[in-house]
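Worksheet: one structure, shown below.
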Amino acid sequence: REETLRERKKRMPFGYWPAWPECVPLLHESGQTDWARLVANVAAGTVIGIRQGLSAVMTASLVFTSTGIPELTDMLGFGISMMWFSSAIAALWYGMFGRLQFGLVGINDVIGALYAAMVAEAAAMLRGQPLVTIQSTALAMISVSTLITGLGSVLFGKLGIGKYMLHFPVPVTSGFLGGIGVFIFRTSLQVSSGVPFKYFYPVSFTDFCKPNPLGRVACMLGMLLSMRQGPRLLLRLFPKSVVMKKLGGVFCQLIPLTIFYIVVLSVGLTLTDLSDAGWTYHLPSSNSGTDLWTKYSFADADFGVVTALLPRTSLVVMMSILCTMTGVLGITGKFPKPLDGDPEPYEPVDFDRELTTVGWADLLLGLLGGVIVFHRLGSTVQLRLDGGTHRAALFICGLFCCGLLFSGLPIGHVMPTWFLGGLFMNSSLAFLQDAIFLYEKLPLGCFLGSWRLPSAQYGVTLFCVVVSAFFTPFAGIAAGLVLSLFLFLWQCSAVHPVCSITSGDISVGRTKRPYWELRCLKKEGDRIILLFLQGQLFFGSVGSLAKAISTAVHHRESGHHVRYCLLSFSRVPLVDASAAEQLRAAAERAKDRGVKLLCCHMSQVVFEALWAAQVIVSPDPDYREVLRRRGIMWNDVSMMAPEGSPAHGDSLVHEHPPDLIRGNSSTTLA
């Protein structure tokens with residue numbers, strides 16, 4: 001038993017092989033199955049399966065009905081089966097190969113909104129084409145983007161660069177999610193009322209103000225109130241009820257639906273009457289789970305349209321990887337303590353391996369007709385709160401979604417449009433709330449009179465939201481990235497690259513020196529100006545450095561006999577090509593005024609950048625020896641300054657510098 005509990009996680013191409021103590025809870029004394037905790041895991045898996053089933057209905061409606069295009073709206077039943085299938089495969093896959101024994105992978109509204117934007121564009125490009133062509137092309141677009149996302153996730157994970165997505169600017173992420181919230185908010189009003197919306201207002205106010213649309217919007221607002229205030233009220237009424245703590249949110253979602261159908265049955269209406277009046281969608285001709293693979297064929301799709309929309313998938317891949325990374329980070333941060341059954345409880349989570357596991361799931365779903373999945377932070381937290389601690393809960397969730405898939409339930413015909421709109425509205429408010437109140441988590445900006453403005457990064461978030469509202473979520477992402485890059489360059493340009501300036505007569509290196517050198521430094525050291533540089537040097541920051549060099553030259557012209565200007569690159573990790581070129585020009589101007597520029601404390605990357613730009617044309621003899629040991633011969637043509645160049649024959653790094661300078665710059669360069 002002890003050997004079983006101490007079994008190490010076995011790696012494999014898809015992730016990890018599951019260990020038995022991770023799958024079911026065991027008694028510490030005997031090593032037998034802990035049936036009480038196993039029942040709790042089964043119950044938690046069932047509850048989260050119900051939540052995933054409702055989430056699948058919502059995401060399918062977001063993808064296919066939010067566009068308002070009849071050809072896509074007719075695919076709602078098919079889309080629900082697609083989402084159930086994706087939820088089932090994702091839960092089972094991660095339950096089998098994932099690292100976190102309680103982590104849940106599934107579909108999400110974020111990717112659903114991006115899918116909706118893509119299929120809407122595809123349908124607009126195919127306007128007037130046969131119905132089967134439009135629908136098959138929409139599915140081909142979804143499958144291709146899922147495959148590309150899976151391939152990208154696997155490659156990023158295998159190359160070990162997926163974790164760098166965690167450096168993605170938070171304001172851009174929040175702004176993008178806020179833009180998704182705007183899109184879903186508009187969709188909730190459009191789906192509930194059945195009237196097309198432009199931005200935040202209906203295209204036809206006359207149609208919107210009719211009794212049926214207004215009644216559906218009123219029901220949607222009532223459901224929204226129930227979902228947001230109902231759980232608190234239930235906990236006040238039943239403070240000691242464990243059932244209310246776990247299922248209160250689900251009850252508050254289903255209570256409005258139950259009341260609605262009680263009223264409908266009491267007045268003698270049928271589902272056909274509701275669908276004819278626009279309160280529900282029409283009953284599909286076929287609603288079998290196997291329709292996912294038999295109803296449509298890629299042979300009917302227009303892959304020219306799919307190819308034209310392929311650039312959109314780059315943003316889908318980026319957001320999917322980002323959501324996976326932030327999901328893992330959020331789960332491990334929320335539950336840092338290991339659970340019993342984990343063979344390696346204190347092993348840090350490998351983010352890239354997690355991305356690889358999810359990427360393989362996306363590849364499988366892309367081949368089988370599913371959609372993109374990734375880690376669900378909110379659902380994982382809810383699963384833990386419900387008592388799900390082992391993989392058994394994930395397996396039960398996956399099997400429950402499989403049961404929904406093959407049940408043949410006409411969910412699209414039963415779920416009222418206002419019910420879906422209420423789910424949309426609740427999600428949109430959550431996204432918008434996080435984006436609008438992001439300023440509370442950011443430092444304050446400059447003063448405007450007596451008012452302190454929010455950070456400039458908060459403007460990136462608002463800009464993303466506005467662009468997404470008036471254009472598309474893709475435009476919001478791109479605009480946020482461009483603005484964030486602009487702010488980054490502006491902020492970097494504001495940081496001075498020179499962290500310290502000193503004169504040679506008051507600076508002594510760490511090397512122990514004889515007294516005659518110290519006397520020489522005291523007497524002649526003011527002929528040298530030392531500039532200590534910091535940070536990455538690029539075209540925006542070198543302007544300040546050029547001014548500092550010009551100041552040193554002006555110092556000579558003011559009566560001082562400065563002859564050398566030393567640049568220390570010990571704190572400079574990288575020099576941009578354009579920055580190196582500007583630095584060469586500054587060195588030439590200094591040389592014309594009698595001041596020679598010398599570079600020291602360079603890394604190999606910095607040296608190669610300065611050498612390529614001919615800032616350095618004659619390294620110190622000590623460094624030449626280092627180059628020789630690395631296999632780079634100084635007499636090679638590639639290492640010589642070209643004939644006729646301004647630097648040829650006049651070194652900007654002194655070939656035989658005086659002893660005063662050799663000790664500070666020559667040997668330290670190596």
Side-chain angles (χ1 to χ4, degrees), residues 493 495-507 509 521 524-572 574-603 606-621 623 640-642 644-666 668-669:
S493 300
V495 177
H496 205 287
V498 181
C499 63
S500 178
I501 301 178
T502 185
S503 177
D505 58 341
I506 59 175
S507 301
L521 281 173
E524 304 292 342
D526 59 350
R527 297 162 58 192
I528 307 169
I529 293 292
L530 298 94
L531 278 67
F532 297 90
L533 310 183
Q534 64 179 354
Q536 297 185 6
L537 300 184
F538 60 99
F539 62 91
S541 61
V542 175
S544 301
L545 177 58
K547 292 181 181 179
I549 296 175
S550 178
T551 302
V553 174
H554 179 73
H555 192 65
R556 169 187 172 87
E557 294 177 348
S558 300
H560 296 78
H561 55 290
V562 175
R563 184 180 175 189
Y564 300 101
C565 179
L566 267 67
L567 303 181
S568 174
F569 290 85
S570 60
R571 297 183 181 180
V572 177
L574 185 67
V575 176
D576 181 69
S578 56
E581 181 62 27
Q582 293 187 39
L583 189 58
R584 185 195 64 79
E588 287 294 323
R589 290 192 295 268
K591 184 186 66 174
D592 293 340
R593 297 186 180 185
V595 176
K596 191 175 292 292
L597 197 70
L598 294 98
C599 305
C600 63
H601 295 155
M602 294 172 290
S603 66
V606 173
F607 170 79
E608 291 175 353
L610 297 180
W611 169 255
Q614 298 180 8
V615 178
I616 297 174
V617 295
S618 182
D620 181 86
Y623 191 68
M640 295 297 293
S645 65
H648 186 74
D650 191 6
S651 66
L652 297 179
V653 174
H654 210 285
E655 183 174 359
H656 297 290
D659 292 338
L660 179 64
I661 304 174
R662 274 183 74 88
N664 280 325
S665 65
S666 306
T668 53
L669 188 145

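Computation of the quantities below employed the complete heavy-atom set of this structure, encompassing side-chain atoms and omitting hydrogens, waters and symmetry-equivalent molecules. Since this is a predicted model, take the numbers as computed values, not measurements.
Counting all heavy atoms, side chain and backbone alike, Arg584 lies closest to Ala613 at CD-O, 3.0 Å. Contact between Phe569 and Leu583 at its shortest, heavy atoms only, is CZ-CD2, 4.0 Å. Across every non-hydrogen atom of Val615 and Ala580, the tightest pair is CG2-O, 3.3 Å.
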Leu533 and Leu567: CA distance, side-chain angles, deciding distance, side-chain contact (heavy atoms from CB on, under 4.5 Å) verdict: CA-CA 7 Å; Leu533 310 183; Leu567 303 181; 4.3 Å; yes
Trace of the side-chain contact (heavy atoms from CB on, under 4.5 Å) decision for Cys599 with Leu610: CA-CA 9 Å; Cys599 305; Leu610 297 180; 4.2 Å; yes
Chi angles and distances behind the side-chain contact (heavy atoms from CB on, under 4.5 Å) call for Asp576, Leu574: CA-CA 7 Å; Asp576 181 69; Leu574 185 67; over 6 Å; no
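To the nearest 0.5 Å, atoms CE (Met602) and OG (Ser570) are separated by 11.5 Å. Separation of atoms CH2 (Trp611) and CD1 (Ile616) is listed at 8.5 Å; rounding is to 0.5 Å. The CD atom of Glu588 sits 9.0 Å away from the CD atom of Gln614 when rounded to the nearest 0.5 Å.
Checked against side chain to side chain contact (heavy atoms under 4.5 Å, CB included), Ala609 has the following partners two or more places apart in sequence or in another chain: Val575.
No side-chain heavy atom of Leu566 sits under 4.5 Å from any side-chain heavy atom of Ile529. Considering only heavy atoms from C-beta on, Phe532 stays 4.5 Å or farther from Val498 through its side chain. Proximity of Leu531 to Cys565: side-chain heavy atoms (C-beta onward) are separated by under 4.5 Å at one or more points.
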